[in-house]
Amino acid sequence: MTMGLRPLDLANWLEVDHNRSTELELKQRLFTEKFETVVATNAEGDEASAELLACIEESLKEFHPEISYTIDKAEHPIVSASRLVQEDLCVLVKSDDWRLQAASVCFPSRWDLSTKIGTTLDAIHSPVPDYDAELGSPTNAFFDRLKPDRSFWRLNWTLLDNPTLHQPLSVRRSPSGDLDDWYFRVERQTLRQLPKTNANVFTIRNYVASAKTLRELDPEFGPNLLAALDSAPESMQRYKGWLGVADKLRSELS
Ligand code: HEM
């Protein structure tokens, strides 16, 4: 488990692809049907959310000028911002500590936004085994050092037993069936500081592909996945819902 942060050129902050309209329609449905599950805001995050919306508009204008849209000024700016991009958006504001004060998370990988709003990075990550010992201090220090002119990105991945983007459950199940029924889900996360409010923004963009497809594209996918599963400590395997998965995969590959 590492921070794994790499420098981000802000030209690549937001990724736009052929799934844009499908994913934005899904977001729209979630805002209508499950607003409380996918949006959480505190007044402390309002000003930064408005700045985030302005930054996203600027970025789209500069790097994706083909995109046109309208903004509903009656909506919270974190919702307006989220309607423009495939990313999920989290705004953290420094008070006694860095706290999550506004978020639109339509595509969580099995966590519950309502339990995280208003809390610190340490509290947000409390279910993650060894985060406290290995990543807590460096992540807090990183948040204090982040500057508007230096942004970063990192990747997280997991295996799930269905490709749905909206998975708000906090219970993690192991993928069932054989490798061909599993889905490989990668989160591309970015971190940047907004120049006016100095809030830190964390974006999460999800990519899902079936393990079957990945295996067909790359014969090394199965063996590489096995090596990654084998190298994860048991506590992490339990947390991610991977217990027993490596053995299943090993017997399939042999
Ligand atoms: C440098 C910054 C960060 C690092 C290194 C980091 C690292 C991690 C790691 C290692 C995990 C668990 C492993 C996994 O699922 O693959 C995790 C889970 C998570 N992270 Fe972060 N993270 C960072 C920033 C953030 C921020 C800013 C948020 C704000 C919302 C966040 C929200 C979460 C959540 C909600 C989970 C799932 C926790 C649960 O199971 O309830 N992370 N993070």
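Source: prediction; values computed, not measured. Counting starts at 1 for both ligands and their atoms, in listed order.
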**Report entry** CA sep, side-chain torsions, deciding dist, call: R83, E75, salt bridge (Lys or Arg N to Asp or Glu O under 4.0 Å)
**Finding:** CA-CA 11 Å; R83 287 186 192 279; E75 256 181 354; 2.5 Å; yes
Query raised in the report: Would the W242 and W157 ring centres measure less than 6.0 Å apart?
Result: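 So the answer is yes for these two rings.
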Query raised in the report: Given the side-chain rings of F184 and F221, with only the six-membered ring counted for Trp, is the space between their centroids under 6.0 Å?
Result: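 Yes, ring centres under 6.0 Å apart.
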Heavy-atom pairs closer than 4.0 Å: do any link ligand 1 to the side chain of [X], the backbone, both, or neither?
X    : result
D112 : neither
N200 : neither
L92  : side chain

May I ask you to decide if [Y]'s main-chain N or O and [X]'s side chain share a donor-acceptor pair within less than 3.5 Å?
X    : Y    : answer
S82  : I78  : no
Q86  : D17  : yes
T164 : Q167 : no

Query - Crowding at CZ, R250 (>12 non-hydrogen neighbours, <6.0 Å) - result: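 Correct, the count exceeds 12.
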**Report entry** Option whose closest heavy atom lies nearest to atom 7 (C) of ligand 1, chosen from M3, K116, M236, R154
**Finding:**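 Nearest heavy atom to atom 7 (C) of ligand 1 lies in R154.
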Report task. Please work out which of R110, R99, H125 has its closest non-hydrogen atom nearest to atom 43 (N) of ligand 1. Result ->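 The residue whose heavy atom sits nearest atom 43 (N) of ligand 1 is H125.
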In terms of atom number and element, which parts of ligand 1 are under 4.0 angstrom from non-hydrogen atoms of [X]?
X    : answer
L135 : 10 (C)
W111 : 35 (C), 41 (O)
L121 : 26 (C), 27 (C)

Query raised in the report: Among the heavy atoms of K240, does any lie under 4.0 Å from an atom of ligand 1?
Result: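 Per 4.0 Å heavy-atom rule, K240 contacts ligand 1.
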Report task. Determine, using heavy atoms of F143 and all atoms of ligand 1, whether some pair is separated by less than 4.0 Å. Result ->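 The answer is yes, since F143 has a heavy atom less than 4.0 Å from ligand 1.
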Report task. Return the minimal non-hydrogen interatomic distance between P223 and L253, and the atom names on each side. Result ->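 Looks like N-CD1, 3.8 Å.
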**Report entry** Considering all heavy atoms, the nearest I204-W111 contact
**Finding:**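 So the two residues come closest at CD1-CZ2, 4.2 Å.
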Among all the protein's non-hydrogen atoms, which is closest to [atom], and how far away is it?
atom                    : value
atom 29 (C) of ligand 1 : F202 CD2, 3.6 Å
atom 2 (C) of ligand 1  : T139 CG2, 3.5 Å
atom 30 (C) of ligand 1 : C90 SG, 3.8 Å
atom 12 (C) of ligand 1 : V128 CG1, 3.5 Å
atom 34 (C) of ligand 1 : I124 CG2, 3.9 Å

Query - Step-by-step side chain to side chain contact (heavy atoms under 4.5 Å, CB included) determination, H64 to E15 - result: CA-CA 10 Å; H64 304 281; E15 291 195 334; over 6 Å; no
Report task. Look only at interatomic distance and state if Y239 has a nitrogen or oxygen under 3.5 Å from any nitrogen or oxygen of ligand 1. Result ->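 For ligand 1, there is an N or O atom that lies under 3.5 Å from one belonging to Y239.
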Report task. Kindly confirm or rule out an N or O of T2 lying under 3.5 angstrom from an N or O of ligand 1. Result ->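 Min N/O separation from ligand 1 is not below 3.5 Å for T2.
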Query raised in the report: In terms of the angle between their ring planes, are H125 and Y131 parallel, tilted or perpendicular, with boundaries placed at 30° and 60°?
Result: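 The arrangement is parallel - the two ring planes meet at less than 30°.
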